[in-house]
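Numbered from 1 within each chain, the chains take letters A, B, ... in sequence-line order.
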There are 2 protein chains.
Amino acid sequence: MAQTLPFRQVSSPLKASCHTCSLSNLCLPLAINETDLESLEDIVQQGRIYSRGEHIFDQSTPFRSCFAVRSGSVKTSIVSEHGEEQITGFFLPGELVGLDSMSGDHYACTAKALERTSICEFPVQKLEELTTRLPGLQHHMYHLMSQEIQHSHQLNMLLSKNTAEERIAALLLSLSSRFQRRRLSGTRFSLPMARNDIANFLGLAVETVSRVFTRFQNQGLIKARGREVELLDVPALQGVSRELSQQACP
Amino acid sequence: MAQTLPFRQVSSPLKASCHTCSLSNLCLPLAINETDLESLEDIVQQGRIYSRGEHIFDQSTPFRSCFAVRSGSVKTSIVSEHGEEQITGFFLPGELVGLDSMSGDHYACTAKALERTSICEFPVQKLEELTTRLPGLQHHMYHLMSQEIQHSHQLNMLLSKNTAEERIAALLLSLSSRFQRRRLSGTRFSLPMARNDIANFLGLAVETVSRVFTRFQNQGLIKARGREVELLDVPALQGVSRELSQQACP
DNA sequence: TTTCCAAATTGATCCTGATCAAGTTTCAAA
DNA sequence: TTTGAAACTTGATCAGGATCAATTTGGAAA
């Protein structure tokens with residue numbers, strides 16, 4: 001995958017057009033003004049398209065940029081010394097990938113496209129220069145990073161206190177509200193990730209995930225066929241989850 | 001606890017002396033220069049002393065400041081809708097509390113002193129102003145927040161993949177290396193937290209923590225009497241833990 | 001010192017979810 | 001269309017750790 005990086009930099013980087021991007025209200029501070037927005041556009045590069053399963057970066061890639069998902073979705077994961085993988089997050093359009101890597105000179109995780117995915121690239125060096133000039137943008141960076149800490153803490157609680165059913169209900173509701181913020185249906189959507197990924201993320205076995213899905217289905221809470229999911233009874237799901245209403249929702 | 005806050009602000013805040021603070025190499029960027037350090041000292045207030053169990057802030061407190069532990073130790077926790085508590089971190093001298101709260105206008109967690117604890121206060125408004133002027137300090141803030149995300153991700157992995165023994169070994173080793181960085185013994189120290197807190201933090205029952213401690217003791221890995229702990233066989237503990245070598249170690 | 005309550009330990013039993021083992025479905029490539 | 005492999009589902013069994021219960025220890029206040 002190391003070859004893809006030089007390629008992306010050689011190929012003339014398109015200047016991003018945050019002005020017209022429908023996601024700008026998600027990945028940008030709402031308070032940002034016209035001139036500030038132009039400064040940001042100057043440093044943002046419209047990255048290339050990644051196809052399903054393709055690496056965006058991994059723990060051996062030198063850290064240069066954060067990435068905003070424009071369309072599609074991304075998963076990040078860390079790997080233990082013994083090769084065990086732990087998925088640390090799923091990222092939907094408008095969400096920023098790489099905030100965990102802003103210390104050290106390599107990425108702290110591996111990022112992989114879950115489907116055909118388009119991303120915008122923020123070179124951190126330029127971003128840091130810019131945030132010293134734009135206090136509003138700096139504040140927004142603190143805001144985003146702080147939220148990522150909070151969401152991870154909520155996930156800790158979920159993993160340490162909740163049952164399999166509660167974890168899965170919470171994930172479904174999280175996805176639901178995040179889709180909804182993107183003006184997509186919050187009750188009928190397509191899971192960007194495999195059952196295996198769900199299991200890994202939530203600290204469960206695949207078989208358990210599968211069983212809970214069918215149990216929810218039998219109880220009339222959801223309708224699921226493969227990755228297509230319909231939430232039939234959101235209040236009931238909320239009753240099951242009791243926590244993490246909008247994990248990782250920026 | 002709300003009464004203590006006004007009190008702390010009325011009582012003339014002492015200007016901190018980061019110059020002479022033995023922890024400055026932990027909580028400050030190493031590259032910071034003389035003039036920058038003075039700017040920082042201008043905004044840092046030497047906070048008051050908290051006694052064991054005392055609240056520093058909670059989720060109803062308006063967010064104003066981050067805090068650096070000067071001596072003693074602090075635990076932070078979040079509470080679910082149903083009143084379940086989840087400890088999200090233990091903080092030793094030199095570590096910064098409150099980075100998860102830099103979004104929103106209230107703290108995102110509750111912070112409580114685990115013992116007699118002295119802290120320095122960083123009013124965030126002034127801190128943000130300062131970081132726009134000092135790019136090195138801004139970079140350091142990104143660095144610290146990024147690390148907090150990483151540590152939380154590592155904790156996620158620990159909770160989702162590791163056994164009770166592995167979790168506890170990892171915690172002991174984490175504390176060990178953090179004490180060591182503070183020039184304290186890494187093999188013989190006093191746990192700042194109760195068994196209950198360890199259990200809560202690691203997603204276990206108290207009884208399990210107790211049992212693992214005695215098991216480790218019988219295997220000759222540690223010697224434990226109450227909160228006094230001696231690590232007798234660090235390599236063996238590392239073999240048990242296999243992960244999270246230095247969680248939350250800034 | 002005694003008293004008292006919280007913290008910690010130890011034992012016995014139970015249950016959720018892991019693991020092992022077959023299938024079944026899906027979907028992409030030939 | 002066939003084929004093959006990965007993804008998913010379902011069933012049976014097992015085990016790690018939770019829970020319940022009973023002491024024991026420790027430390028602060030009287």
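Within a 6.0 Å radius of CZ in Arg52(A), no more than 12 heavy atoms belonging to other residues, nucleotides or ligands are found.
Of the candidates Glu228(A), Glu115(A), Arg227(A), Ser190(A) forms a side chain to side chain donor-acceptor pair (under 3.5 Å) with just one, namely Glu228(A). With Glu54(A) as the partner, the salt bridge (charged side-chain N to carboxylate O under 4.0 Å, His left out) test is satisfied by one option alone out of Lys75(A), Lys112(A), Arg48(A): Arg48(A).
In this structure, Arg211(B) does not reach the dT10(C) phosphate: none of its side-chain N or O atoms is under 4.0 Å from OP1 or OP2. Close to dT9(D), at under 4.0 Å from its OP1 or OP2, lies no side-chain N or O of Thr214(A). Checking the phosphate oxygens (OP1, OP2) of dG17(C), no side-chain nitrogen or oxygen of Thr208(A) falls inside 4.0 Å.
The separation between Arg225(B) atom CZ and dA7(C) atom P is 18 Å, rounded to whole Å. To the nearest angstrom, C1' of dA18(D) lies 17 Å from CG of Leu159(A). What separates CG of Asn162(A) from P of dT16(C) is a distance of 15 Å, to the nearest Å. To the nearest angstrom, C1' of dA18(D) lies 15 Å from CG of Asn200(B). Atom CZ in Arg215(A) sits roughly 9 Å away from atom P in dT16(C) (whole-Å rounding). Atom-to-atom, CZ of Arg195(A) to P of dT24(C) comes out at 19 Å; the value is rounded to the nearest Å. Atom-to-atom, CE of Met193(B) to P of dA8(C) comes out at 11 Å; the value is rounded to the nearest Å. To the nearest angstrom, P of dA7(D) lies 9 Å from CZ of Arg52(A).
Heavy atoms of Ala194(A) sit under 4.0 angstrom from primed sugar atoms or phosphate atoms, though from no base atom.
If you take CD1 on Ile168(A) and CZ on Arg195(A), they are separated by 9.0 Å, rounding to the nearest 0.5 Å.
If you check dG11(C), dA18(D), dT10(D) against the side chain of Glu207(B), the one that comes closest is dG11(C).
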